[in-house]
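Single-structure report; data block below.
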Protein chains: 2
Amino acid sequence: MSPDSKRGPRADASRNAARLVAAAREVLAEAGNDAAFDVIARRAGVGNATLYRHFPTRADLLVAVYADEVAALCDRGTRLLEAPEPVDALFAWLDEFTVHVATKRALALAATEETAERRTALFHQWHAAITSTADRLVDRARPALRDEVTALDLLTLASGAAATTGAAHARRLVALLRTGVTTGG
Amino acid sequence: MSPDSKRGPRADASRNAARLVAAAREVLAEAGNDAAFDVIARRAGVGNATLYRHFPTRADLLVAVYADEVAALCDRGTRLLEAPEPVDALFAWLDEFTVHVATKRALALAATEETAERRTALFHQWHAAITSTADRLVDRARPALRDEVTALDLLTLASGAAATTGAAHARRLVALLRTGVTTGG
DNA sequence: ACCTGAACACCGTTCAAGT
DNA sequence: ACCTGAACACCGTTCAAGT
């Protein structure tokens, strides 16, 4: 075993990663979600190749930029597991999810664009957090849901609508889904 | 009035347009929906700027390439207006629409990407053909549909799912929508 | 082990010059 | 009126050289 093999990243490396994320957040807000990598790297004060190594794909960078927001969304889901009405809780969360996706349209599309091989650890982490939150909410609401409906179905319909149309219309569609997937009782 | 003002396009112009569409169809099939414009122009034997003038935006070119297929889809919708069961007819058409969108993912996304100003006559024609077909099918099925559901809602949910996930999953979701949006009777 | 920035390749877009 | 193809600009990606 070489002496360094179990150490974390070098100090400058992790500092650069943090700078890149901060710079990306700024630039994306200013110039839109398809801002050039060069601009972000320059803003962070690092070489462009450094950006590319830390975040090999655009989706990775977006995941990193929105990590806090995603964590908050998943926390909110966990708290909603304690809410009195399971179906209310599920759709309240789906509504928030829809708004989230609508403003991160680029990330949602990047997610479906990425060919399977190119998917990254960072990317998987993000995906797993969202799906596990949805799964738990759906499990709890299960008695009031139609049998065939899965958590993945709801996520796909909501994010598809959110990525395709505006936030307002997407939210309306999610509300419309609710009466569609719940059972009569 | 100048002598030419009411004539059609020059012979070489319309011949070039036809060649470009044919070349685009080939190249897109070979190299995927994001094939380079230069390649298509070279295949057609025309200058790249000629391609760009005939089809200012990528969506325009895709609309032209798939024009026949879209026409067939709308014809099918019109014929389904004669089918005995209005709801069956509507969802049979939505299913075909879903398959169509799933294989033309690039076009669906281009449609939502295009900023309003850049939308072209050709693009509008395409959009209008689809929505008017859906409208007529929904009108006929209206008595069996929940009041709040519009044709646009169904198109958005179906195309959102189709563009986001695979064709198979999207079709499942459309089938799932059916029991959601129809009334008990 | 990580960083740098220049170099490369690719592609959309425009434009002056042709017919 | 329409076409041509070269020129321009931009940007993702890679790589040899540094520390």
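By convention in this document, chain letters (A, B, ...) are assigned in the order of the sequence lines, proteins followed by strands, and residues within each chain are numbered from 1.
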Compare the minimum distances between each of [options] and the side chain of [X], then state the nucleotide with the smallest one.
X	options	answer
A:His54	D:dG12, C:dC3, D:dC2	C:dC3
A:Asp12	C:dC3, D:dT4, D:dA1	C:dC3
B:Thr50	C:dT4, D:dA1, D:dT4	D:dT4
B:Arg10	D:dC2, C:dC15, C:dT4	D:dC2
A:Val46	D:dG5, D:dT13, C:dT4	C:dT4
A:Ala13	D:dG12, C:dC3, C:dT4	C:dC3

Rounded to whole angstrom units, what separation is found between the [atom1] atom of [X] and the [atom2] atom of [N]?
X	N	atom1	atom2	value
A:Tyr52	D:dG12	OH	P	10 Å
B:Asn16	D:dC3	CG	C1'	8 Å
B:Arg42	D:dA6	CZ	P	11 Å
A:Arg15	C:dC3	CZ	C1'	11 Å
A:Asp60	D:dG12	CG	C1'	15 Å
B:Asp34	C:dC10	CG	C1'	13 Å
B:Arg53	D:dG5	CZ	P	13 Å
B:Ile40	C:dG12	CD1	P	8 Å

Given that both distances must come in under 3.5 Å, which nucleotide forms a Watson-Crick or G-U wobble pair with D:dC11?
none

In the strands shown, is D:dA16 matched to any nucleotide by a Watson-Crick or G-U wobble pair with both distances under 3.5 Å, and which?
C:dT4

Answer with base, sugar-phosphate or nothing: what part of the nucleic acid does A:Ala36 contact at a heavy-atom distance below 4.0 Å?
sugar-phosphate

Can you say whether a donor on the side chain of A:Asn48 sits under 3.5 Å from an acceptor on the base of C:dT4, or the other way round?
no

Rounded to the nearest 0.5 Å, what separates atom NZ in B:Lys104 from atom NE2 in B:His100?
5.0 Å

A:Gly180 backbone acceptor or donor facing A:Arg146 side chain under 3.5 Å
yes

5'-most contact on DNA chain C (nearest-nucleotide basis), A:Gly45 vs A:Asp38, goes to A:Gly45

One thing to verify: whether A:Arg172 and B:Glu148 come together as a salt bridge, which I'm taking to mean a side-chain N less than 4.0 angstrom from a carboxylate O.
no

Test: B:Arg43 and B:Glu30 ion pair at under 4.0 Å:
yes

Pairs of donor and acceptor atoms involving the side chains of residues 11-21 of chain A, under 3.5 Å and at least two apart or interchain, shall be tabulated with distances.
{"from": "A:Asp12", "atom 1": "OD1", "to": "A:Arg10", "atom 2": "NE", "distance (Å)": "3.1"}
{"from": "A:Asp12", "atom 1": "OD2", "to": "A:Arg10", "atom 2": "NH2", "distance (Å)": "2.9"}
{"from": "A:Ser14", "atom 1": "OG", "to": "A:Ala11", "atom 2": "O", "distance (Å)": "3.2"}
{"from": "A:Asn16", "atom 1": "ND2", "to": "A:Asp12", "atom 2": "O", "distance (Å)": "3.4"}

By nearest-heavy-atom nucleotide on DNA chain D, the more 5' of A:Val39 and A:Ala49 is A:Val39

